[in-house]
There are 2 protein chains.
Amino acid sequence: MEETRYSITELAEEFGVTSRTIRFYEDKGLVSPEREGLTRVYSRSDRARLKLILRGRRLGFSLQDMKKMIELYDPSQGSMDQLKFTLQKCEDQLAKLKSQRTDINEAISELEQGIRDLKEYKDKGPAEMNSQKLKLA
Amino acid sequence: MEETRYSITELAEEFGVTSRTIRFYEDKGLVSPEREGLTRVYSRSDRARLKLILRGRRLGFSLQDMKKMIELYDPSQGSMDQLKFTLQKCEDQLAKLKSQRTDINEAISELEQGIRDLKEYKDKGPAEMNSQKLKLA
DNA sequence: ATTGTAATTGACGTTTACGTAAACGTCAAT
DNA sequence: ATTGACGTTTACGTAAACGTCAATTACAAT
């Protein structure tokens with residue numbers, strides 16, 4: 001089995017982040033690559049972790065959450081507790097996202113209405129507009 | 001005409017923010033209530049501004065943006081420039097929100113799938129699962 | 001006058017996810 | 001021997017939108 005090795009810049013480019021970011025994750029205890037002298041050498045599993053982290057980030061998880069969840073995939077066995085933890089976090093996050101989506105949808109509606117009003121105000125002039133329509137007091 | 005007057009805590013409670021927040025907005029030049037000695041006294045128009053600010057916040061505008069946009073409703077006339085500025089900001093923000101919504105929708109789908117996989121993994125046990133399904137490398 | 005309640009100010013803390021700068025080491029290639 | 005590209009560390013900076021705290025006043029009621 002070839003030992004696949006990655007450099008920090010290699011992974012940074014592949015995942016579209018800066019090497020600073022990857023080092024930052026290491027600081028937070030999310031990855032711990034080997035060292036050859038000072039240079040970091042990433043294994044295939046390090047790369048997988050990284051991928052997972054970035055995926056979690058896209059889904060809106062905090063790095064702390066990711067740290068705990070990622071332990072599910074460690075050399076050790078995926079214990080039931082870890083599994084439950086991850087599942088719970090996922091469901092929490094799902095709820096959060098859905099709530100956010102609701103908020104955003106409302107904001108979009110309000111904005112769209114606002115834009116319509118503003119355009120009308122611009123075209124017809126302030127004269128024949130009642131300020132109520134612009135949602136003022 | 002009665003001069004309606006509000007205290008800082010009154011408004012804070014009405015709008016569900018802390019008085020610190022309101023003072024913070026003042027710091028940023030978003031409201032400038034009268035003073036009686038040191039005490040802030042808010043007028044009906046101050047209250048309207050505040051309402052507008054909070055509304056903007058809900059819609060995801062920055063305080064800076066709100067500051068500029070809010071001048072539209074100043075004693076001075078709502079100049080065409082201000083109107084255009086506001087309209088532009090609204091459209092920018094609308095675009096931002098729509099893009100966010102897309103991201104969130106994708107995240108929700110991914111999460112829902114992930115949750116399904118995790119549950120399956122939990123029930124059927126690790127044995128008959130291929131790790132690919134859990135999106136690992 | 002004292003107690004209590006509110007308000008004020010200023011300064012520093014918080015959170016998240018990094019960016020940036022300084023100053024230096026390493027290594028391959030020329 | 002030098003150049004260039006990359007790497008390292010430490011430490012401080014950034015952005016937003018406040019929160020928290022402490023010290024100080026102000027004012028109202030007792």
Side-chain angles (χ1 to χ4, degrees), chain A residues 5-42 46 49-70 89 92-93 96-97 100 103-104 107, chain B residues 5-42 46 49-70 89 92-93 96-97 100 103-104 107:
Chain A
R5 297 151 50 89
Y6 307 88
S7 78
I8 193 168
T9 27
E10 214 171 336
L11 290 180
E13 282 175 10
E14 175 177 356
F15 294 131
V17 297
T18 68
S19 49
R20 181 66 188 81
T21 298
I22 296 179
R23 273 181 233 115
F24 178 74
Y25 291 160
E26 185 173 341
D27 242 41
K28 299 291 159 179
L30 293 171
V31 258
S32 348
E34 299 286 301
R35 295 295 178 108
E36 255 167 33
L38 292 178
T39 307
R40 291 162 170 82
V41 179
Y42 296 82
D46 289 329
R49 283 176 92 104
L50 226 39
K51 210 171 176 178
L52 216 58
I53 294 163
L54 274 328
R55 181 160 179 268
R57 192 181 63 166
R58 277 205 334 275
L59 299 180
F61 289 102
S62 74
L63 296 186
Q64 276 206 336
D65 283 349
M66 286 312 296
K67 186 182 177 177
K68 295 203 74 179
M69 288 168 53
I70 222 169
K89 281 290 172 187
D92 289 355
Q93 184 60 18
K96 228 186 258 175
L97 286 175
Q100 273 185 41
D103 290 350
I104 285 186
Chain B
R5 299 152 47 89
Y6 306 89
S7 77
I8 194 168
T9 26
E10 215 171 336
L11 291 181
E13 281 175 12
E14 176 177 356
F15 294 132
V17 296
T18 68
S19 49
R20 183 64 187 85
T21 297
I22 296 179
R23 272 181 233 117
F24 178 75
Y25 291 159
E26 185 174 341
D27 243 40
K28 298 290 159 177
L30 292 171
V31 260
S32 346
E34 300 285 300
R35 295 295 178 109
E36 258 167 32
L38 293 179
T39 306
R40 291 160 171 83
V41 179
Y42 296 83
D46 289 330
R49 283 176 91 103
L50 225 38
K51 211 171 175 177
L52 216 57
I53 295 163
L54 273 327
R55 182 162 178 268
R57 194 180 65 163
R58 275 203 338 273
L59 299 181
F61 289 103
S62 76
L63 295 185
Q64 275 206 338
D65 283 348
M66 286 313 296
K67 185 181 178 177
K68 295 203 76 178
M69 289 168 53
I70 223 168
K89 281 289 172 190
D92 289 355
Q93 184 60 19
K96 228 186 260 176
L97 286 174
Q100 272 185 42
D103 289 350
I104 286 186

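Hydrogens, waters and symmetry mates play no part in the numbers below; they use all other heavy atoms, side chains included. Just so it is clear: chains get the letters A, B, ... in the order the sequence lines come, proteins before strands, and each one is counted from 1.
- Residues passing the side-chain hydrogen bond (donor to acceptor under 3.5 Å, both in side chains) test with Asp103(A): none are found, sequence neighbours excluded.
- For the atom pair CE (Met66(A)) and CG (Leu59(A)), the distance works out to 8.0 Å, reported to the nearest 0.5 Å.
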Task: side-chain contact (heavy atoms from CB on, under 4.5 Å) between Asp46(B) and Leu50(B), worked out - done: CA-CA 6 Å; Asp46(B) 289 330; Leu50(B) 225 38; over 6 Å; no
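- For the contact set between residues 59-67 of chain B and DNA chain D, defined by any heavy atom under 4.0 Å, the members are Phe61(B), Ser62(B), Leu63(B).
- Annotation: side-chain hydrogen bond (donor to acceptor under 3.5 Å, both in side chains) contacts of Thr9(B) (sequence neighbours excluded): Ser7(B).
- The salt bridge (Lys or Arg N to Asp or Glu O under 4.0 Å) search around Arg58(B) returns Glu110(A), not counting sequence neighbours.
- Every side-chain hydrogen bond (donor to acceptor under 3.5 Å, both in side chains) that Thr18(A) has, sequence neighbours left out, goes to Thr21(A).
- Residues that satisfy the salt bridge (Lys or Arg N to Asp or Glu O under 4.0 Å) test with Asp65(B), not counting sequence neighbours, are Lys89(B).
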Indicate every side-chain donor-acceptor pair of residues 22-32 of chain B with a distance under 3.5 Å to a residue at least two apart or in another chain.
{"residue": "Arg23(B)", "atom": "NH2", "partner": "Ser19(B)", "partner atom": "OG", "Å": "3.4"}
{"residue": "Glu26(B)", "atom": "OE1", "partner": "Arg40(B)", "partner atom": "NE", "Å": "2.6"}
{"residue": "Glu26(B)", "atom": "OE2", "partner": "Arg35(B)", "partner atom": "NH2", "Å": "2.9"}

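- Remark: Ile8(A), Thr9(A) in residues 6-15 of chain A come within less than 4.0 Å of DNA chain D through at least one heavy atom.
- Mapped onto DNA chain D by nearest heavy atom, Gly37(B) and Arg40(A) fall at different nucleotides, with Arg40(A) at the one closer to the 5' end.
- When the C1' atoms of four end pairs are superposed on the next four at each end of the helix from dA1(C)-dT30(D) to dT30(C)-dA1(D), using five pairs per end, the two resulting axes differ in direction by 30°, to 10°.
- Taking the 5' to 3' direction, DNA chain C first and last meets chain B under 4.0 angstrom from a heavy atom at dA7(C) to dA11(C).
- Comparing Glu36(B) and Leu54(B) against DNA chain D, the residue whose closest nucleotide sits nearer the 5' end is Leu54(B).
- Sorted by first and then second residue, the salt bridge (charged side-chain N to carboxylate O under 4.0 Å, His left out) pairs involving residues 10-20 of chain B (not counting sequence neighbours) are Glu14(B)-Arg47(B).
- Rounding to the nearest 0.5 Å places CE of Met69(A) at 9.0 Å from CD of Gln93(A).
- Taken from CD1 in Ile8(B) to OG1 in Thr39(B), the straight-line distance is 10.0 Å, to the nearest 0.5 Å.
- At a non-hydrogen distance threshold of 4.0 Å, Thr18(B), Arg20(B), Thr21(B), Phe24(B), Tyr25(B) from residues 17-33 of chain B come into contact with DNA chain D.
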